[in-house]
Structures are given as C-alpha cells and as structure tokens.
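See structure below.
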Amino acid sequence: MRKQVIAGNWKMNKTHTEAEDFIQATKNEVPSPDEVESVVCAPFPFLQKLVEETKGTSLEIAAQNMHFEENGAFTGEVSPVMLNELGVTYVVLGHSERREIFKETDEDINKKVHAAFNHNLTPIVCVGESLEQREADQTMDHVEAQVKKALDGLTDEQAAKVIIAYEPIWAIGTGRTATSEQANEVCTHIRRVVIDFYGSDVAEAVRIQYGGSVKPANVDELLSQSDIDGALVGGASLEAASFLKLVEAGKHE
Ligand SMILES: O=C(CO)COP(=O)(O)O
C-alpha cells in the first residue's frame, strides 16, 4: 500500500504574515507521516522560517523550483545545495507554469531531477497535457514522453522515490477537474511507463499524484482511484481549513 502525499502548491501567493498564520494553524493539526505525507510548497523567501517553525511536526516544507547547478553565474536562481542546507525536503520540478512561462525543457527538468537526488531532495515531477493535446488524442503519448525524459538515467532506488504529479493543464486553476476516471487512466499509464523502464517493484513504489482543481469536495473520489496516490493542490491549499481537509482525506485512502 502506497502512502498518499498531499502537497499544497502556494505558487506566488501569500505575504509573510499570511504564510506564518497558515503554518501556525496547520503544523500541529496534520496527521502523522505514518498515515499521510503533508507538504507545503512555499515561495523561496518563506522557506527558512517555515522549515524552522515546522521542525518536529508532521508538516514538511517544499520548494517550487530550483536550478540544476550547485552554484555559479545564474542571477536570480536558487541551487539544490541552498535548499538542502535550509532543510527543505521536497522540490516541485517541471510544473506546467515553469514549462510554459519560463520555457523549461524536458532536458532541464531531467537535470533538475538528478540534482535533487544528489542533494537529498525528493522531486515532485509534474507532467500533463494541454487541452489541444487532449482533444487531438495525444495525452498518453505526450505524458509518456515527459515521464521518460524526466526519469532518464536514474537508478532503480532513485526512481522508486520520485513523486510524479499528473496535472492536465486544462484543469489547473480552471475549476474544471478531470473526472476521477480520466485522471486514473493517465496515472495508470504513467505507472506502466515506469514498469517498462524500471520494472514492477519500482513502479509499485512510485507515488503518482493528481493535480488540477482538487478541492475538499472532490478529493475523496480522486484519491480512491487505484493509481492515484495523492494530490498536488493550488487554490484549495491556500486556506488552512481547506488544506487540513485535504490531508485528512489522504489519511483515509
Ligand atoms: O497547478 C496546480 C498545483 O500545482 C493546480 O492548481 P489548482 O489546484 O489551483 O487547479
């Protein structure tokens, strides 16, 4: 039985005070990590404080991106060494907003995945198709190619630890959720791709999240699917009460 991972991706939201208030309201309320992994993916300026404040609690703090190099002339970037030093445990890589707006390529994302493992960070790798691709029946091929490229060159041990987030772009921030069947169909396909590359033991261990307009009202249905092992949540993770409902749902699956 795979443990569910519920991650709130705040994106570029919240003031410092709002971030603090959220953490105070949730850090002692989330279930034990034996039951569900509860993660908040916060903007860089808040990470150090939030990691300190959640020490000894079951709430984990993640970054939303990083560079793949350890240091150098990359103005405005943050390195895996810095995140590891802060005590961050997970990092979101290849979110569709990074791919689309900031032109990240599959090659960049693969380098970042390797860099994450080299620095003791667990990557949450995002994949997903656009509406155009879904309508042209290219979803499976596109997602398959993204997964293969992101995981290329990992050892079995590393691949088993990757968290893959399937986020159809048309469902992000639109209120339009994939049906649980649509979501599971793609997550099952992703697991098959992992079987082809790394065998069934690794594929059984890999956690696959769904993301895209997840909220307390639809989370149970999504998490009850056979190949969905958690959720990556934007809008509905911004309020403490809503986030707590989502992690609670993860506990029951
Ligand atoms: O992009 C997402 C999480 O990474 C999903 O965002 P929403 O939950 O706001 O649709």
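Ligands are counted one by one from 1 in listed order, and the atoms in each one are counted from 1 as well.
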**salt_bridge(Arg2, Glu204) N-O dist < 4.0 Å** = yes
**Asked** Taking side chain as C-beta onward, heavy atoms only, is Glu20 less than 4.5 Å from Phe46?
**Response** no
**Message:** Closer than 3.5 angstrom, by distance alone: can the side chain of Asn218 be matched with the main-chain N or O of Ser213 as a donor-acceptor pair?
**Reply:** yes
**Message:** Give the residues near ligand 1 by chain and number, with the criterion being a heavy-atom distance under 4.0 Å.
**Reply:** Asn9, Lys11, His95, Glu167, Ala171, Ile172, Gly173, Gly212, Ser213, Leu232, Val233, Gly234, Gly235
**Item:** Close side-chain approach of Glu53 to Gln24, heavy-atom, < 4.5 Å
**Value:** yes
**Item:** Donor-acceptor pair between His142 and Gln146 side chains, under 3.5 angstrom
**Value:** yes
**Message:** Assess the residue pair Glu157 and Tyr198 against the criterion (side-chain hydrogen bond (donor to acceptor under 3.5 Å, both in side chains)); give the C-alpha distance rounded to whole Å, side-chain angles, the decisive distance to 0.1 Å, and a yes or no.
**Reply:** CA-CA 10 Å; Glu157 200 192 337; Tyr198 290 100; over 6 Å; no
